[in-house]
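Each chain gets a letter, A, B and so on, in the order the sequences are listed, and its residues count up from 1. Everything numeric here is computed off the predicted structure, so don't read it as measured data.
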Protein chains: 2
Amino acid sequence: MSQFNSELRRLILDEARHLMITQGYNSLSMRKIASKAGCSATSIYLYFRNKDDLLHALIEEGFEMLRARLVETAATIQDPLQRLEALCREYVQFGLLNPEYYEVMFLLRPEHMERYPVEKFRRARKNLELITDTLNMFDRGGQYKAGDAYVRAHAITASLHGAVVLVNAGRLDVRIDKSIFVDTVILQIMQSLKSYTIQAH
Amino acid sequence: MSQFNSELRRLILDEARHLMITQGYNSLSMRKIASKAGCSATSIYLYFRNKDDLLHALIEEGFEMLRARLVETAATIQDPLQRLEALCREYVQFGLLNPEYYEVMFLLRPEHMERYPVEKFRRARKNLELITDTLNMFDRGGQYKAGDAYVRAHAITASLHGAVVLVNAGRLDVRIDKSIFVDTVILQIMQSLKSYTIQAH
DNA sequence: TATGTTTACTTAACAGTGTTAACTTTTTAG
DNA sequence: CTAAAAAGTTAACACTGTTAAGTAAACATA
């Protein structure tokens, strides 16, 4: 494997990203990337172990982008409920605005990551921590079991994820306005939290 | 295209299903299916227009299975809230027990269906009707806008779908018990409905 | 029974995929 | 200026879905 900081490596990644965004993840082939980058297909293997490794670099980019947005959102809003709702909106918006990134980040069967077992989902979970922490702000009384908010955070992201996937796959009934749908999903989450917060106070 | 009722056609479908379930959707190739079915790869094209068409047959099977379960559940439980919760559980259980079916049914990018634009998502929406109808049972006062329950049903299935995908992809933190997670997601849905039903009465 | 026609199916091939091994060129170091 | 290391290439392999052309079987008609 050649050095990490390389002109060609950056170029390959740039062209891969561009192809993914414009043509879609499906039509991402080593030869196409190489062609755009002006090198041979096998040259990619000088900088990436395989296609999965290259994809993984894009996946990391995506999680970094998403995380940056969520961290910023969390930092600017203090009120727990408002912050949580803003986090939800930010999450969905990211998914809808970056469908190709989102797809490659959350491929159903992540065989693409099997070779990275350690930090496999660490980045994805960092985003969950933001939600978990916000949820824990409701638990001033401390009556919830440890990890309760963490499970709840998983449930929330599951809902958000489902919403993003449903819209991006074009599975939403065309008669339903997308933003109304998103509002409904987030409303559902926030409404469910009422019981959570009422109990907590 | 040869006749619909054919020994070989049934055999091909059987072997494709078996391969999908045992080896996974990814390793489903025309040549493998043909080999198992004891014919040449091109013979498949006598009964299916292409691989997508073959997959579509399996997708239809999946939706038929899911629908049968939901219809039965809806028929046996009268109380709206209990029925809705049971539908949710049934949906998630189907997804978790038939991960390969579920994956092929809800591939993120359904290019596989683009050639069937008319009845594309009709079957998927039939399941939504079951939930929509149940939701409408809350609206005896008639204060909700038409289609409100339909959007709400979409939001609910989005949450359920997200939960299934998250678990099936192995994205759930190993420290979290799967059934507890599922319970939490469904609890979230049911809690959110409290506001819905309270308003309705 | 023999002939022609449709149906069923196969083989060969094409263009594409990720990936490896072997070879060549370029860069760097002594 | 030469030897070694790095960078990049071409050729090839084993796959993939799919099409065109050819063959074998079934069937209908005279």
Side-chain angles (χ1 to χ4, degrees), chain A residues 1-20 22-59 100 103-104 107 109-116, chain B residues 1-20 22-59 100 103-104 107 109-116:
Chain A
M1 189 91 71
S2 303
Q3 58 177 346
F4 192 83
N5 288 325
S6 161
E7 180 73 10
L8 183 54
R9 190 197 136 94
R10 201 183 46 75
L11 201 74
I12 289 169
L13 215 47
D14 287 347
E15 294 300 338
R17 186 186 313 108
H18 185 249
L19 271 173
M20 176 188 75
T22 56
Q23 317 278 338
Y25 154 72
N26 286 348
S27 62
L28 231 180
S29 86
M30 301 299 262
R31 286 177 176 83
K32 280 183 194 166
I33 297 167
S35 166
K36 288 278 181 185
C39 69
S40 72
T42 53
S43 284
I44 300 177
Y45 290 83
L46 297 171
Y47 301 98
F48 302 92
R49 272 181 284 176
N50 45 43
K51 192 183 182 184
D52 292 351
D53 195 31
L54 173 54
L55 279 178
H56 192 72
L58 293 174
I59 290 169
E100 299 297 341
E103 179 176 2
V104 80
L107 289 173
R109 300 265 163 190
E111 287 92 5
H112 297 278
M113 302 193 191
E114 272 178 13
R115 303 175 200 185
Y116 316 87
Chain B
M1 188 92 67
S2 304
Q3 57 178 345
F4 191 85
N5 287 326
S6 161
E7 181 72 11
L8 184 53
R9 191 196 135 95
R10 202 184 45 75
L11 201 73
I12 289 168
L13 215 47
D14 286 348
E15 294 301 337
R17 186 187 313 108
H18 185 248
L19 271 174
M20 176 189 75
T22 56
Q23 318 280 337
Y25 154 73
N26 286 348
S27 62
L28 231 179
S29 86
M30 300 300 261
R31 286 176 175 84
K32 279 183 194 168
I33 296 167
S35 166
K36 288 277 180 185
C39 68
S40 73
T42 54
S43 284
I44 300 177
Y45 290 84
L46 298 171
Y47 302 98
F48 302 93
R49 274 180 285 176
N50 44 43
K51 193 184 180 183
D52 291 352
D53 195 31
L54 173 55
L55 278 178
H56 192 72
L58 293 174
I59 289 170
E100 299 296 341
E103 179 176 2
V104 80
L107 289 174
R109 299 266 163 191
E111 287 91 7
H112 297 277
M113 303 194 190
E114 273 178 13
R115 302 175 200 184
Y116 317 87

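A:Tyr47 has its side chain out of reach of A:Asp53: every pair of non-hydrogen atoms, C-beta onward, lies at least 4.5 Å apart. Between B:Arg17 and B:Leu58 the shortest side-chain heavy-atom distance falls below 4.5 Å.
Nucleic acid contact for A:Leu28: sugar-phosphate only, since backbone atoms but no base atoms lie under 4.0 Å from a heavy atom of the residue. When heavy atoms are screened at a 4.0 angstrom cut-off, B:Ser40 is found touching base atoms of the nucleic acid.
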Step-by-step side-chain contact (heavy atoms from CB on, under 4.5 Å) determination, B:Leu28 to B:Leu55: CA-CA 10 Å; B:Leu28 231 179; B:Leu55 278 178; 4.3 Å; yes
CA sep, side-chain torsions, deciding dist, call: B:Lys51, B:Met30, side-chain contact (heavy atoms from CB on, under 4.5 Å): CA-CA 7 Å; B:Lys51 193 184 180 183; B:Met30 300 300 261; 3.8 Å; yes
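Put simply, CD on A:Gln23 is 12 Å from P on C:dT17, counting in whole angstrom units. Computed from coordinates, the B:Lys51 NZ to C:dG16 P distance equals 18 Å when rounded to whole Å. Separating the CG atom of B:Asp52 from the P atom of D:dT16 is a distance of 16 Å, rounded to the nearest angstrom. Across the protein-nucleic acid pair, A:Asn26 atom CG and C:dT17 atom P stand 13 Å apart, rounded to whole Å. Going from atom CD1 of B:Ile12 over to atom C1' of C:dA8 covers 12 Å, rounded to whole Å. One can place CD1 of A:Ile44 at 11 Å from P of C:dT17, the figure rounded to the nearest angstrom. B:Ile33 has its CD1 atom 11 Å from the C1' atom of D:dG17, to the nearest Å. To the nearest angstrom, C1' of C:dT7 lies 17 Å from CZ of B:Arg9.
Here the nucleotide nearest the side chain of A:Leu8, chosen from C:dC9, C:dT10, D:dG8, is D:dG8. Candidate nucleotides C:dT17, D:dT19, C:dA8 were compared by shortest atom distance to the side chain of B:Leu46, and C:dA8 ranks first. Set against D:dA20, C:dT17, C:dT20, the side chain of A:Tyr45 has C:dT20 as its closest nucleotide. Each of D:dA7, D:dT19, D:dT18 was ranked by its minimum atom distance to the side chain of A:Tyr47; first place goes to D:dA7.
In the interface, the side chain of A:Thr42 is not paired with the base of C:dT20 through any donor and acceptor atom under 3.5 Å apart. Checked by distance alone, A:Arg31 brings a side-chain donor or acceptor within 3.5 Å of a matching partner on the base of C:dG18.
Looking at which nucleotide of DNA chain D each of A:Gly38 and B:Lys32 is closest to, the 5′-most match is held by A:Gly38.
A:Ser29 has a side-chain polar atom (N or O) that falls below the 4.0 Å cut-off from OP1 or OP2 of C:dT17.
The line from CZ of B:Arg9 to CD1 of B:Ile44 is 12.0 Å long, rounded to the nearest 0.5 Å.
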